[in-house]
Amino acid sequence: MSRRLSYVLRHAPGSAGLSLDAGGWVDVDELLTALARAGVRLTRGDLDAVVRKSDKQRFAFDASGTRIRANQGHSVAVDLELDPLTPPAVLYHGTVDRALDSIGREGLTSRGRHHVHLSADVETATAVGARRGKPVVLVVDAAAMAADGTPFYRSANGVWLVEAVPVRYLTK
Ligand code: HQG
């Protein structure tokens with residue numbers, strides 16, 4: 001269910017006949033109706049449980065509890081309205097060997113998503129890289145990037161987001 005929600009709320013709201021507002025929010029009742037239309041019967045209580053139990057806290061309700069959105073990871077255009085934040089001195093990016101040549105030429109780029117995703121600790125970055133094979137963790141000199149004027153953001157679920165990471169800030 002978390003995967004399905006990620007698909008609808010990050011990448012393809014239209015596949016469920018939904019559209020996201022500018023902030024990425026969708027009305028909970030409309031979402032439940034759309035899922036039911038697609039044969040997925042979910043109560044509000046079931047949805048609350050999916051949001052609560054998501055291992056990475058991928059989703060959030062708004063303050064009124066009537067709207068829901070993905071905390072990060074979108075490929076569709078949304079403005080999460082995150083405020084720039086001073087990052088820790090060092091952040092980490094989990095990837096795999098086969099990407100290193102290209103990363104060595106271009107730095108980290110956001111690929112299909114809005115941002116490059118960085119982790120605050122090596123363990124998380126290792127797990128992110130391991131989704132694609134034997135993980136390789138790159139160290140990002142976030143302090144230098146921030147000093148050079150790059151804005152950093154942190155999603156509600158603790159993922160650090162940046163537009164790109166040029167090669168000069170990366171160490172293997
Ligand atoms: C790589 C999951 C070649 C990059 C995770 C990665 C994360 C390059 C892949 C979140 C490159 C993109 C995001 C370049 C970057 N040349 N390869 N220049 N620059 N790459 O999935 O960071 O479960 O878009 O290293 O936990 O792997 O979805 O990004 O391997 O937080 O909530 O291109 O997704 O969270 O892959 O993962 P992705 P990611 P969720």
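Every number for a ligand or one of its atoms is a count from 1 in the order of the listing.
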*asked:* So for ligand 1, is Leu108 a polar contact partner (N or O within less than 3.5 Å, distance only)?
replied: no
*Rounded to the nearest 0.5 Å, how far apart are CG of Leu35 and CZ of Arg4?*
6.5 Å
*Hey, is Arg44 close enough to Asp48 for a salt bridge, meaning N to O under 4.0 Å?*
yes
*asked:* Tell me whether ligand 1 is touched by Ser110 - counting only heavy atoms on the residue side and a distance under 4.0 Å.
replied: no
*Less than 3.5 Å between some nitrogen or oxygen of Arg111 and one of ligand 1, yes or no?*
yes
*Report yes or no: does a heavy atom of Arg105 sit under 4.0 Å from some atom of ligand 1?*
no
*Protein contact of atom 6 (C) of ligand 1 - nearest heavy atom, named by residue and atom, plus distance*: Arg132 NE, 3.9 Å
_Test applied, side chain to side chain contact (heavy atoms under 4.5 Å, CB included); reference residue, Glu30; option that passes from Asp27, Leu32, Val28_ = Asp27
*Do Asn71 and Gln57 have side-chain atoms, one donor and one acceptor, less than 3.5 Å apart?*
no
*Is there side-chain contact between His117 and Val128, with at least one heavy-atom pair below 4.5 Å?*
no
*To the nearest 0.1 Å, how far is atom 31 (O) of ligand 1 from its closest protein heavy atom, and which atom is that?*
His117 ND1, 3.5 Å
*Shortest protein heavy-atom distance from atom 16 (N) of ligand 1, along with the residue and atom involved*: Ser102 OG, 2.5 Å
*asked:* Just to confirm my output: which protein heavy-atom neighbour is closest to atom 27 (O) of ligand 1, and how far is it?
replied: Arg131 NH1, 2.9 Å
*Other residues, nucleotides, ligands: >12 heavy atoms within 6.0 Å of Glu163 CD*: no
*When Leu42 is tested against each of Leu47, Leu31, Leu5 for side chain to side chain contact (heavy atoms under 4.5 Å, CB included), which residue passes?*
Leu47
*Are the side chains of Arg154 and Val159 in touch, meaning some heavy atoms are under 4.5 Å apart?*
no
_With heavy-atom distances below 4.0 Å as the criterion, list the atoms of ligand 1 near Gly107._
14 (C), 18 (N), 19 (N)
*Hey, which atoms in ligand 1 end up nearer than 4.0 Å to a heavy atom of His93?*
4 (C), 22 (O), 25 (O)
*Parallel under 30°, tilted from 30 to 60°, perpendicular over 60°: which one fits the rings of Trp160 and Phe152?*
perpendicular
*Among all protein heavy atoms, pick the one closest to atom 23 (O) of ligand 1 and tell me residue, atom and distance.*
Arg58 NH2, 2.9 Å
*atom 15 (C) of ligand 1 [closest protein heavy-atom partner, distance rounded to 0.1 Å]*: Thr109 O, 3.5 Å
*Can you list the ligand 1 atoms lying under 4.0 Å from a non-hydrogen atom of Arg10?*
28 (O), 32 (O), 40 (P)
*asked:* Is any side-chain heavy atom of Val76 closer than 4.5 Å to one of Pro13?
replied: yes
_Among all the protein's non-hydrogen atoms, which is closest to atom 24 (O) of ligand 1, and how far away is it?_
Arg113 NE, 2.8 Å
*asked:* Suppose we measure from atom 35 (O) of ligand 1 to each protein heavy atom; which comes out shortest, and what is that distance?
replied: Lys56 NZ, 3.3 Å
